[in-house]
Each structure stands twice: as structure tokens, then as C-alpha cells.
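Note sheet for the following structure.
Reckoned from all heavy atoms, side chains included, excluding hydrogens, waters and symmetry mates. The structure displayed is predicted, hence computed values, not measured ones. Letters A, B, ... mirror the listed sequences (proteins, then strands); counts begin at 1.
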Amino acid sequence: MSLRLYNSASRKKETFKPIRNGEVGIYVCGVTVYDLCHIGHARSAIVFDILVRYLRARGFKVTYVRNFTDVDDKIIERSKETGEDTTALAERYIHAFCEDMLALGVLNADVEPRATEHIDDIIDMIGRLVEKGFAYVDDSDVYFSVEKFDTYGQLSGRRLEEMVAGARIAVDEKKKHPMDFVLWKGAKPGEPKWKSPWGEGRPGWHIECSAMSCRYLGANFDIHGGGRDLIFPHHENERAQAMAANGVNFARYWVHNGFVTVESEKMSKSLGNFITIRDALQSYHPQELRLFLLSKHYRSPLDFSRSALLEARCGLIRIYRTLQRLEETVGPSKGNSRGIITPFLATSDGDSFKDQFISVMDDDLNTAAGLGLIFDKVRDINRVMDSSVKSRDIRSRLIQERRDLLDCGKALGLLEEEPSKFFQEIVETPSEIDTEEIEKMIQGRDAARRAKDWARADAIREELSKKGIILEDGPKGTKWRFRIEGSG
RNA sequence: GGCGGCAUAGCCAAGUGGCUAAGGCAGCGGUCUGCAAAACCGUUUGACACCGGUUCGAGUCCGGUUGCCGCCUCCA
């Protein structure tokens with residue numbers, strides 16, 4: 001079995017073969033840090049988090065690079081609005097991004113480079129492009145000449161003529177061809193600037209990613225990722241620059257995630273339906289968001305809605321209830337340290353559950369099918385726990401099944417919480433809770449039940465229910481829990 | 001205008017030629033329970049947008065129709 005990935009460049013699924021056996025270099029376009037990140041960024045981050053987790057679980061040695069664009073028009077614009085220095089502004093949003101990722105359980109990349117820390121690399125690459133005749137200088141601006149690069153448009157599947165015909169923006173007089181794009185921008189007064197052979201200025205948007213990816217992964221590397229919308233012009237231009245400058249192929253596989261819509265509409269500032277990650281985390285648990293994001297294939301559009309999130313919550317609760325019940329039955333799980341990915345899916349051990357999981361995930365990361373398998377396994381485990389047979393065999397079987405379940409969960413960044421902690425986090429804890437009072441009421445109800453005074457017992461249960469407390473009678477006595485919003 | 005994507009039960013969503021079309025949520029019936037909750041079992045009478053074609057056989061391939069969406073401009 002081997003991993004197959006959809007390659008945007010060829011527009012089909014291809015068997016993944018790394019350049020160096022067993023090693024993978026992956027570069028993902030991160031964020032431009034001029035504002036808080038929204039759930040679309042979260043989807044992208046989580047998709048590639050899972051790609052990296054899965055590659056590692058399958059035994060690849062992965063070098064994951066995810067950049068920050070910390071110099072750019074939007075940052076400058078925003079800094080003018082707020083009066084804040086561009087560096088401080090960028091720093092603030094980088095910090096916010098890191099907080100968001102931590103909250104979402106997205107693992108850090110191995111390298112998280114910033115554009116402003118690679119100005120030398122950028123200038124060097126632009127210099128080579130000018131030298132080789134792929135770029136031309138006009139004043140203190142430098143442009144890439146798309147006509148000089150034979151395969152321009154190949155990645156996004158466009159022809160230069162068509163793009164010119166469909167262009168809807170005014171053409172910059174300085175450009176030799178309407179589709180030419182800027183590599184280096186001369187600085188206007190008050191803008192951040194660096195010295196260069198073409199005068200003081202700053203890099204264009206696309207060049208930084210070409211420079212930084214090649215710097216850390218080599219001119220020719222395995223996987224380049226980002227949101228769908230980056231295919232053109234960003235990735236097309238990145239590819240053109242890097243290939244022109246280095247004279248070798250650039251990324252082998254281009255992986256792009258689909259968009260998030262909100263209540264069926266595209267998320268945009270003008271519509272006012274822009275949901276930041278921290279807004280979402282106010283209402284939903286990170287694990288809910290992750291389960292929701294994984295419930296659909298990463299390349300398909302995904303609609304964010306309250307009902308969909310609550311549905312994800314119900315499913316997640318189902319899984320965690322089983323995990324909690326397992327703890328009560330066979331004790332807590334051990335050795336499941338969070339965020340550490342060992343190659344637990346590297347080899348097939350003949351176990352049909354893991355094999356099936358590998359087989360669906362190998363098929364272009366079919367997380368939706370993977371979740372289906374996880375739910376199947378949950379039912380299996382519940383069934384075993386429901387059966388009246390109690391033996392040592394069953395105990396060890398349950399422990400093994402949980403191990404498999406948690407391994408697959410880990411590849412998806414799910415099920416890494418302790419069940420009790422998860423339930424504690426997910427409930428809306430009532431402001432006034434008096435545990436002793438609750439216990440007392442339950443004792444009172446027990447007495448009533450023993451006396452078969454059902455009316456009184458039910459009245460007590462109803463009273464507790466009003467406080468958001470749900471009772472569950474079992475063979476070992478009565479347990480209580482908080483009601484979870486959107487669920488029982 | 002150009003390029004591309006999507007249409008599967010009440011809702012969400014897998015499925016890329018072949019046994020009775022995953023899974024989740026919701027509903028309904030049952031087991032358990034004093035009744036519930038949770039769990040389990042069953043179930044939602046013909047779910048694959050429509051029309052043609054290829055094939056022994058298509059949700060799955062090809063052509064067309066309709067509807068929705070994305071990109072072509074900053075955008076994850």
C-alpha cells in the first residue's frame with residue numbers, strides 16, 4: 001500500500017514518491033499577519049497538520065516548513081490605519097496565530113520562517129532572475145517577465161492569452177506584459193524598506209515563498225501546500241520564479257485545500273460573516289472543530305454552521321463516552337503522549353482495523369472514511385463492553401482495541417484528550433454549582449427510590465435537570481454529569 | 001466571457017464499473033431501566049439531479065440538460 005495524493009499540477013491522484021527515500025520536505029504557505037486568523041485558515045492549518053501527522057505515522061521523516069508573510073501591502077495598509085509600526089503589528093498577529101494553533105492542537109512546523117528574515121535570500125534570487133533575463137528592472141522596481149518562462153500557467157491550467165483577455169484590472173504602465181508581476185517594490189516614504197541592488201524597497205508577495213522553500217528544502221522538494229485560492233496567482237508565480245532562478249523543477253506535488261463557507265455563503269468581511277478562530281473557540285471545543293473539519297474531504301468546500309458543529313459535537317461525545325467507559329472498565333490508557341508522532345502506521349500488522357484506516361487515508365487522505373471506521377470501532381468496543389462475558393481475554397482485547405482507536409485518532413489529531421478533561425471542557429458549567437448539594441439530593445432520591453416513592457425520586461431528578469444536571473442510574477449506583485448544549 | 005468543481009436518504013457525508021450503496025446526526029420501534037439517561041439491536045416502505053450513450057453490468061466512464069459553487073483581482 002502506498003499513499004496517493006491529488007496533485008493540483010496534474011489534476012489527478014498520483015502515487016506519492018518522495019525525492020529522497022523515506023524523507024519528505026513539505027512547504028505550506030502560512031498566513032499574512034495583518035489580522036486575526038479565521039476558520040478558513042484553521043481548515044488549511046488542520047489539513048496540513050494531518051498530512052504531516054499521517055506522513056510521520058506512516059514512517060516518513062518529514063521536514064515541515066510553514067512561513068509567515070510579515071511584510072506586504074495589507075500589513076502596511078493596516079499599520080497606517082492603526083498607527084502601529086509594521087513590525088509590531090506583524091509580531092502581534094504572529095503571536096495570535098501561534099495561540100490559535102496551540103488551542104486547535106495544530107503541531108508546530110519544524111521551520112517557521114518569516115519573510116523579513118530572508119531578505120538576503122530573496123535579493124539573491126531576484127538577482128539571479130535579472131541575470132538570467134527572466135526579470136527586468138524599471139527604476140527601483142523589478143518585474144518578472146512571464147513571457148520568458150515557457151511553462152507559465154501550467155500549474156493553474158491557464159494560457160497567457162486567456163488571462164490577458166479576461167483581465168479585469170488596469171495594467172501597470174511599467175509592465176512589459178500585463179501578467180508580469182513585481183519581484184521587488186521600490187519603497188515609498190514611510191514604508192518598510194531594505195537595501196538592494198535596485199534601491200531601497202521590499203519584496204513582492206510571491207518571491208518570499210520561493211526563496212524560503214528552496215532555502216530550507218532545496219530547489220526541488222516534495223510537497224507544496226496551501227488554500228485553493230493560492231493556485232493562481234501565488235503558486236503559479238512562485239513556481240515560475242523558483243524554476244527560472246534555479247533551472248530545476250520546483251515542488252513535485254501541489255496540495256490545495258478547499259474553502260470554508262459560512263451558512264452557505266462565502267466568508268468575507270463585507271458580508272460580515274467572518275468567523276475568527278478565537279470566535280469559534282468561544283462556542284466550540286477544538287476537538288469539535290477538528291472533527292467537523294475532517295468530516296468532509298479536504299478538497300471539497302465545507303459549510304460552517306451551528307447545526308453542523310453541534311452534530312460534530314454529538315458524534316465526538318459518543319466517542320469520548322466510549323473512551324470514558326473504557327477507562328472505567330480497563331483503566332486509563334498509557335503512553336499516549338500528546339503531539340508525539342511515532343511511526344505507528346508504518347507497517348501493516350495484519351490487524352484489519354488499522355489496515356482499513358491506512359487504506360482509506362492512503363487514498364488522498366480520506367478522513368471522512370477514516371472517521372467512519374472510527375465510529376465502527378466505537379460500536380464494536382461498546383458491544384464488547386455490553387456483553388455479559390467477562391474474562392481476561394476480553395480485557396486485553398479491549399486494551400488493544402483502544403490502542404488502535406487512539407493511534408488512528410492521533411493521526412487525525414483527535415481523541416488525545418483524557419475523557420474526563422474533555423467532558424469538563426465541553427460543558428457549560430453552571431455558575432453556581434454545589435457538589436455537596438447535588439450529592440445530597442442524589443442520596444435523597446436514592447432513599448425515595450428504595451422506598452419506591454417514584455414521584456419524589458422523579459421530582460428530585462427534575463429539579464437537578466433544571467440545574468443542568470443529568471442523572472444516569474447504573475448497576476454501581478447513580479452517576480451525574482452536566483448537560484451538554486446541543487446534546488443530551 | 002475563459003477555466004474548474006459539485007449534485008448520494010429528513011440533514012451532514014464516504015463511495016471513482018460488479019455481492020444486500022460506509023459512517024454520523026435527527027426520528028421511530030425494541031432491549032436495559034420503576035420511569036428515564038447512556039449503551040446496544042432494528043428501522044426510516046424504491047437516497048445516487050435529469051436525459052441519452054458505452055458495457056454482460058454504472059452512483060462510479062462518455063455526451064447533453066438543469067441547478068449550485070469556486071477561480072480568473074488581495075484572499076487559506
Side-chain angles (χ1 to χ4, degrees), chain A residues 8 11 13 28-32 34 37-48 72-74 77 153 156-159 161-170 179 205 225-234 256-261 264-269 291-292 295-297 299-303 305 307-308 310-319 321-322 324-325 356 360 363-364 366-379 381-387 449 452-455 457-458 461-462 465 470-475 478-481 483 486-488:
Chain A
S8 303
R11 278 162 281 275
K13 284 185 204 171
V28 174
C29 287
V31 291
T32 301
Y34 72 104
C37 289
H38 54 69
I39 50 180
H41 296 108
R43 183 180 196 191
S44 184
I46 287 175
V47 163
F48 292 104
D72 143 287
D73 288 352
K74 289 193 294 297
E77 204 176 297
S156 54
R158 290 150 211 262
R159 291 160 179 275
E161 312 86 70
E162 287 167 355
M163 287 190 276
V164 174
R168 285 191 258 153
I169 45 159
M179 297 313 291
W205 174 36
R228 270 195 80 81
D229 53 333
L230 294 181
I231 296 175
F232 189 88
H234 186 55
H256 294 101
N257 65 277
F259 265 51
V260 178
T261 56
S264 304
E265 282 184 310
K266 185 184 174 179
M267 196 164 42
S268 76
K269 297 215 162 157
L291 183 77
F292 164 69
S295 65
K296 200 165 175 188
H297 188 85
R299 280 187 284 116
S300 305
L302 175 65
D303 192 48
S305 69
S307 62
L310 291 181
E311 203 179 284
R313 168 175 300 178
C314 290
L316 193 63
I317 287 169
R318 178 177 162 78
I319 302 174
R321 278 205 176 115
T322 298
Q324 190 167 46
R325 213 177 142 197
Q356 284 177 56
V360 298
D363 184 15
D364 197 30
N366 191 343
T367 54
L371 287 173
L373 291 171
I374 284 177
F375 280 107
D376 282 342
K377 178 55 72 183
V378 164
R379 188 195 287 122
I381 291 173
N382 280 328
R383 227 178 255 167
V384 172
M385 288 192 293
D386 272 356
S387 75
R449 289 179 73 211
K452 299 204 190 294
D453 182 355
W454 308 127
D458 290 351
R461 184 170 59 197
E462 180 57 25
S465 175
I470 302 295
L471 299 187
E472 293 182 6
D473 299 326
T478 301
K479 292 193 295 182
W480 65 274
R481 60 178 171 87
R483 176 180 290 113
S487 170

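For B:rG15, its base never sits under 3.5 Å from the side chain of A:N366 at any donor and acceptor pair. A donor and an acceptor atom sit less than 3.5 Å apart, one in the side chain of A:D473 and one in the base of B:rC35. Judged by distance alone with a 3.5 Å cut-off, no donor-acceptor contact links the side chain of A:R43 to the base of B:rA76. In this model, no side-chain donor or acceptor of A:R228 finds a partner on the base of B:rC71 within 3.5 Å.
For A:R318, the listed nucleotide lying nearest its side chain is B:rA39; candidates were B:rA76, B:rA14, B:rA39. Of the candidate nucleotides B:rG24, B:rA76, B:rA39, B:rA76 has the atom nearest to the side chain of A:H41. Here the side chain of A:R481 is nearest to one of B:rA76, B:rA26, B:rA37, namely B:rA37. Listed nucleotides: B:rC11, B:rC72, B:rC40. Nearest to the side chain of A:F232: B:rC72. Here the nucleotide nearest the side chain of A:R461, chosen from B:rG34, B:rA76, B:rC40, is B:rG34. Distances were taken from every side-chain heavy atom of A:M267 (C-beta onward) to each of B:rC74, B:rA37, B:rA76; the shortest belongs to B:rA76.
With the nearest nucleotide of RNA chain B identified for both A:L373 and A:S307, A:S307 has the one nearer the 5' end. Between A:V260 and A:R449, the residue whose closest nucleotide on RNA chain B is further toward the 5' end is A:R449.
Considering A:D229, A:L302, A:V47 in turn, A:V47 is the only one that fulfils the side chain to side chain contact (heavy atoms under 4.5 Å, CB included) rule with A:N257.
With both pairing distances under 3.5 Å, B:rG17 is matched to nothing as a Watson-Crick or G-U wobble pair. With a cut-off of 3.5 Å on both pairing distances, the Watson-Crick or G-U wobble partner of B:rC3 is B:rG70.
In this structure, A:W454 packs face-to-face on the six-membered ring of B:rG34, meeting both the 5.5 Å centre cutoff and the 30° plane limit.
Between the side chain of A:R299 and the backbone N or O of A:H256 there is no donor-acceptor pair closer than 3.5 Å.
OP1 and OP2 of B:rC74 both lie 4.0 Å or more from every side-chain N or O belonging to A:K74.
Note that CE of A:M385 is 5.5 Å distant from OG1 of A:T322, once rounded to the nearest 0.5 Å.
A cation-pi contact links A:R158 to A:F232, judged by a cut-off of 6.0 Å to the six-membered ring centre and 45° from its axis.
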Given A:H41 and A:H38, is the side-chain contact (heavy atoms from CB on, under 4.5 Å) satisfied, shown in steps?
-> CA-CA 5 Å; A:H41 296 108; A:H38 54 69; 3.0 Å; yes
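If you measure from atom CG of A:D386 to atom P of B:rC41, you get 8 Å, rounded to the nearest angstrom. Here the P atom of nucleotide B:rG5 and the CD1 atom of A:I231 are 11 Å apart, to the nearest Å.
Using a 4.0 Å heavy-atom distance criterion, A:A368 is classed as a base contact.
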